[in-house]
Amino acid sequence: MIGQLRSLSTLLMLSFSRLLWSVSTLMLLFPLGGCVLFLLRRGYGRELDPLAAFADFSQEFMLFIFAPFIVPICTLAYATMSIGGDREDRTLVFLLMRPIPRAMVFLAKLLATLPLVVGLVVVSFVGFCYLAGTPGETAVRVYLPAVVYMSLAYVALFHVFAILFRHATIIAMVYSLFMEVFIGNMPGLVKRITVSFYGRSMIFGLGLEHGLDPPPAEWFAPVTPTVGAATLLGITAASVLAGVLIFQYREYRDLT
Amino acid sequence: MDLSFDKVTKFYGPVIGVNDVSCQVTPGITGLLGANGAGKSTLLKLASGQLRPSLGDVRVGQHRAWSSAAKRRLGYCPDINTFYEEMTGREFVLAMTRLYGYSLGEARRRTEAALEEVGMSDRATRRLAGCSHGMRQRIKLAQALVNDPEVLLLDEPMTGIDPAGRHHLGELLTRKAATGMTVLVSTHILSELEELAERILMIGRGRVIATGTLPEIRRLLANEPFVVRIDCGAPRRLAARLLEHAAVLAVEVRDEVLTVRTRQPDEFFAHVNALASEPDIEVTRLETLDAGADAVFAYLEPRA
């Protein structure tokens with residue numbers, strides 16, 4: 001038991017440090033820097049009506065930049081590389097040859113990714129909000145749960161991608177653009193199969209009492225924030241379970 | 001500890017990787033021989049628990065190869081040249097050792113012992129990205145030795161290692177085998193295998209085509225007469241004398257070198273021995289030309 005815990009903590013630390021010092025961290029500076037430039041140029045803090053400024057910040061930044069692009073990009077950059085990087089480099093064979101149950105390998109990789117992704121998303125979100133001035137300060141308090149739940153769901157989902165597909169990063173990017181952006185913005189109920197729908201539902205529901213206009217009913221019929229949060233947690237739990245089960249039995253013929 | 005394959009078949013969709021393989025790899029060094037696509041890699045992946053058999057059973061001792069219990073007793077040196085490149089050799093081996101669940105002190109001790117064994121103690125502070133192919137091979141071998149495995153699987157372990165290094169690693173494997181370790185080595189360098197391996201496991205088209213020591217396998221090839229080269233002072237006279245013996249099928253003298261074909265090598269060599277002691281026949285060299293691993297492989301491979 002102690003040995004297993006030592007193996008788990010070693011794998012956790014190893015995965016965390018490799019992800020932290022990976023090229024993904026460097027690459028993420030570009031979209032995050034782009035957000036900084038956008039917020040500085042847009043200047044929500046300069047608007048005179050605080051309610052209107054909050055609504056603008058929510059509509060323009062939260063719903064059209066941060067939730068559909070920044071959260072998926074930050075999560076996929078690390079979550080697909082956690083196991084996917086080892087798989088593409090074929091170093092996964094060194095991990096699979098150790099006496100560590102495969103479920104534990106998957107969970108260790110997931111746990112190593114979580115603080116990095118959630119930390120990056122939350123820290124950048126808080127930073128962006130304070131950069132946006134008064135409306136941003138409100139947004140931090142209101143939208144933080146939605147941001148965290150979305151990050152959790154994406155991390156778990158992209159880990160499943162990583163164990164299923166060899167080039168998981170590319171597939172996750174295609175998924176993010178096609179499913180989350182394209183399908184997520186289609187009218188009707190089809191958008192409910194996307195993660196972003198539930199995140200945006202939370203944003204709409206939580207922002208309503210702070211001046212955010214509800215979306216046109218024929219375009220977007222949100223679920224309540226509680227249902228949104230429960231669904232995102234459900235997606236997280238289901239993805240973790242699916243990941244553990246698939247990884248437990250999956251054979252990687254291309255490692256050696 | 002034995003590594004055993006019991007009626008093992010592995011399908012890759014409609015393609016058969018290995019077909020109804022049953023064999024037992026016992027302590028000592030066993031060479032795994034086969035052409036490209038013969039099923040060597042599949043067999044090693046099954047033995048190392050990377051793949052599960054579609055039919056049959058692969059066991060390390062009493063444990064299924066896929067299980068953690070088997071992996072605790074197994075060392076595996078894969079045929080890949082990728083590592084955590086940002087690490088030094090020592091850091092990499094230490095990380096792999098810690099994944100066995102050893103305490104930091106114990107992991108450090110084992111890491112140093114393994115690096116010492118592969119001759120990398122003094123060079124393991126270099127980043128893996130800057131290491132030569134030979135150094136990387138040694139580091140890969142070190143990570144396979146850290147848990148004192150009872151079964152060691154080596155996929156092309158000598159590739160890229162200089163002759164002195166090969167000799168050193170050959171001695172290391174021989175030492176390990178002498179302690180009761182089961183070593184299964186897959187290599188394309190047949191001469192190396194001949195020197196190193198006590199037994200050979202030959203596979204072709206997914207099936208085991210021969211197992212045993214090289215002389216044992218060679219003897220089984222009754223349809224392929226042994227070809228023996230004899231250098232002596234009077235080759236024609238010796239050829240005539242040899243032809244009188246029933247064990248000799250044919251003789252050929254070219255450039256004062258006598259080549260003899262025989263199906264009964266034991267009787268033949270006894271006869272040559274008797275003749276060589278005669279004063280007028282001065283045998284200076286006696287060499288079996290087709291009893292080596294390459295010749296045996298060349299005979300067997302087309303039959304698979």
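Protein chains get the first letters and strands the later ones, always in sequence-line order, with residue 1 at the start of each.
- The environment of CZ in A:F197 is crowded: more than 12 heavy-atom neighbours from other residues, nucleotides or ligands sit within 6.0 Å.
- More than 12 heavy atoms of other residues, nucleotides or ligands lie within 6.0 Å of CD in B:E85, so this atom counts as buried by the packing criterion.
- A pairwise comparison of heavy atoms in A:R90 and B:T82 identifies CB-OG1, 3.9 Å as the closest pair.
- The NZ atom of B:K71 sits 10.5 Å away from atom CZ of A:R98, with the distance rounded to the nearest 0.5 Å.
- Annotation: residues 10-30 of chain A contacts chain B through A:T10, A:L11, A:L14, A:R18 [non-hydrogen atoms, separation under 4.5 Å].
- One finds the OH atom of B:Y84 at 4.5 Å from the OG1 atom of A:T91 (value rounded to the nearest 0.5 Å).
- Nearest heavy-atom pair across B:I80 and A:F94 is CD1-CE1, 3.9 Å.
- At most 12 non-hydrogen atoms from other residues, nucleotides or ligands lie less than 6.0 angstrom from CZ of B:R64.
- Judged purely by atom type and a 3.5 angstrom limit, B:K45 has no side-chain atom pairing as donor or acceptor with the backbone of A:Y252.
- The heavy-atom pair separating A:P99 from B:S68 by the smallest distance is CB-O, 3.4 Å.
- Residues of residues 90-105 of chain B lying under 4.5 angstrom from chain A, judged on non-hydrogen atoms, are B:F92, B:A95, B:M96, B:R98, B:L99, B:Y100, B:G101, B:Y102, B:S103 in numerical order.
- More than 12 non-hydrogen atoms from other residues, nucleotides or ligands lie less than 6.0 angstrom from CZ of B:R109.
- Atom CZ of B:R199 sits in a crowded spot, with more than 12 heavy atoms from other residues, nucleotides or ligands closer than 6.0 Å.
- Interface residue B:E86: only side-chain heavy atoms are found under 4.5 Å from chain A.
- Between B:Q50 and A:E251, every side-chain heavy-atom pair lies at or beyond the 4.5 Å cut-off.
- Environment of CD in B:Q24: crowded, with over 12 heavy atoms of neighbouring residues, nucleotides or ligands closer than 6.0 Å.
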Let's go through B:W66 and A:R102 carefully: what are the C-alpha distance in whole Å and the side-chain angles of both, what is the deciding distance for side-chain contact (heavy atoms from CB on, under 4.5 Å) to 0.1 Å, and is it a yes or a no? CA-CA 10 Å; B:W66 182 271; A:R102 280 181 162 221; 3.8 Å; yes

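- Heavy atoms of B:R52 lying under 4.5 Å from chain A belong to its backbone as well as its side chain.
- Under a cut-off of 6.0 angstrom, the local environment of CE in A:M173 is sparse, with at most 12 non-hydrogen atoms contributed by other residues, nucleotides or ligands.
- Open room surrounds CZ on A:F182; 12 or fewer heavy atoms of other groups in view lie less than 6.0 Å from it.
- The shortest distance between side-chain heavy atoms of B:Y76 and A:V93 falls below 4.5 Å.
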